[in-house]
Amino acid sequence: MANIEETPRKCILKAGSTTLTLDKESGKATLQQKMLLWNKKPVEFALSDIDDIAVKSDVDGLSGAAIHHSVLHRRTGEITVLTTEEAKDAAETVKKLRGFAGL
């Protein structure tokens with residue numbers, strides 16, 4: 001399961017090379033990701049831009065195994081994969097993030 005640190009004003013998700021910070025005080029979310037060995041430029045957007053956080057399930061074409069992602073949807077239409085986990089872990093991650101974001 002993803003590591004989620006939560007206080008009443010801030011929620012930080014750390015999973016692999018992804019860190020998502022939701023900050024109610026500033027009203028902003030910050031997404032930091034790595035590509036191979038390099039840090040990508042952090043993306044900052046308003047918490048109000050988040051319109052959904054959900055579990056997206058796919059099937060691996062080669063092995064036939066189920067793959068579950070927690071994904072963040074923004075009002076701009078942009079979708080960001082946050083985690084890849086087992087089904088129940090992805091559901092728990094989404095539940096915590098949705099609860100904090102008020103979705």
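Note that this is a predicted model, so its numbers are computed, not measured. This chain uses plain numbering: 1 for the first residue, then up along the sequence.
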Decide whether Gln32 and Thr18 meet the rule of one side-chain donor and one side-chain acceptor closer than 3.5 Å.
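Result is no, nothing qualifies.
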Handout entry: Between Ser70 and Thr83, a side-chain donor and acceptor under 3.5 Å
Key =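 Side-chain D/A pair, Ser70 to Thr83: present.
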Once you round to the nearest 0.5 Å, how far does [atom1] of [X] lie from [atom2] of [Y]?
| X | Y | atom1 | atom2 | value |
| --- | --- | --- | --- | --- |
| Lys10 | Thr21 | NZ | OG1 | 6.5 Å |
| Asp49 | Glu78 | CG | CD | 10.0 Å |
| Gln33 | Lys41 | CD | NZ | 14.5 Å |
| Leu72 | Phe45 | CG | CZ | 5.0 Å |
| Lys88 | His68 | NZ | NE2 | 12.5 Å |
| Ile50 | Arg75 | CD1 | CZ | 9.5 Å |

_Please determine whether side-chain contact (heavy atoms from CB on, under 4.5 Å) holds for the pair Thr30 and Val43, giving the CA-CA distance in whole Å, both sets of side-chain angles, and the decisive distance to 0.1 Å._
CA-CA 6 Å; Thr30 305; Val43 177; over 6 Å; no
Q. Among Ile79, Val94, Thr84, which residue meets the side chain to side chain contact (heavy atoms under 4.5 Å, CB included) test with His69?
A.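 Single side chain to side chain contact (heavy atoms under 4.5 Å, CB included) partner of His69 among Ile79, Val94, Thr84: Thr84.
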Exercise. Which one of Thr19, Leu20, Val71 satisfies the side chain to side chain contact (heavy atoms under 4.5 Å, CB included) criterion with Leu82?
Worked result: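 Result: among Thr19, Leu20, Val71, Leu20 is the only option passing the side chain to side chain contact (heavy atoms under 4.5 Å, CB included) with Leu82.
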Under the criterion side-chain contact (heavy atoms from CB on, under 4.5 Å), I'd like the reasoning laid out for Phe100 against Glu6: C-alpha separation, chi angles, the key distance, then a yes or no. CA-CA 8 Å; Phe100 186 84; Glu6 190 173 353; 3.6 Å; yes
Cluster overlap Val55 with Ile67, hydrophobic side-chain contacts below 4.5 Å: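 Each belongs to a different hydrophobic cluster.
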Please answer: with hydrophobic residues joined when any side-chain heavy atoms are less than 4.5 Å apart, are Leu103 and Ile12 in the same cluster?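 Hydrophobic grouping puts Leu103 apart from Ile12.
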| task | Flag the pair Leu31 / Pro42 as yes when at least one side-chain heavy-atom distance between them is below 4.5 Å, and no otherwise. | result |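 Not touching, per the 4.5 Å side-chain cut-off.
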Subject >> Close side-chain approach of Thr93 and Glu85, heavy atoms under 4.5 Å >> reply: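 Yes, side chains in contact.
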So does Glu86 have more than 12 non-hydrogen atoms from other groups sitting under 6.0 Å from CD?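 It does not: Glu86 CD has 12 such atoms or fewer within range.
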Practice item. Flag yes if more than 12 heavy atoms outside Lys24 fall under 6.0 Å of its NZ atom; otherwise flag no. Key: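 Enclosed: over 12 neighbouring heavy atoms sit under 6.0 Å from NZ of Lys24.
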Between Glu5 (side chain) and Leu13 (backbone), is there a donor-acceptor pair under 3.5 Å?
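Flag not set: sc Glu5 to bb Leu13 has no pair under 3.5 Å.
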Original post:
Ion pair present between Asp52 and Arg74, side-chain N to carboxylate O less than 4.0 angstrom?
Top reply: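 Answer for the salt bridge query: no.
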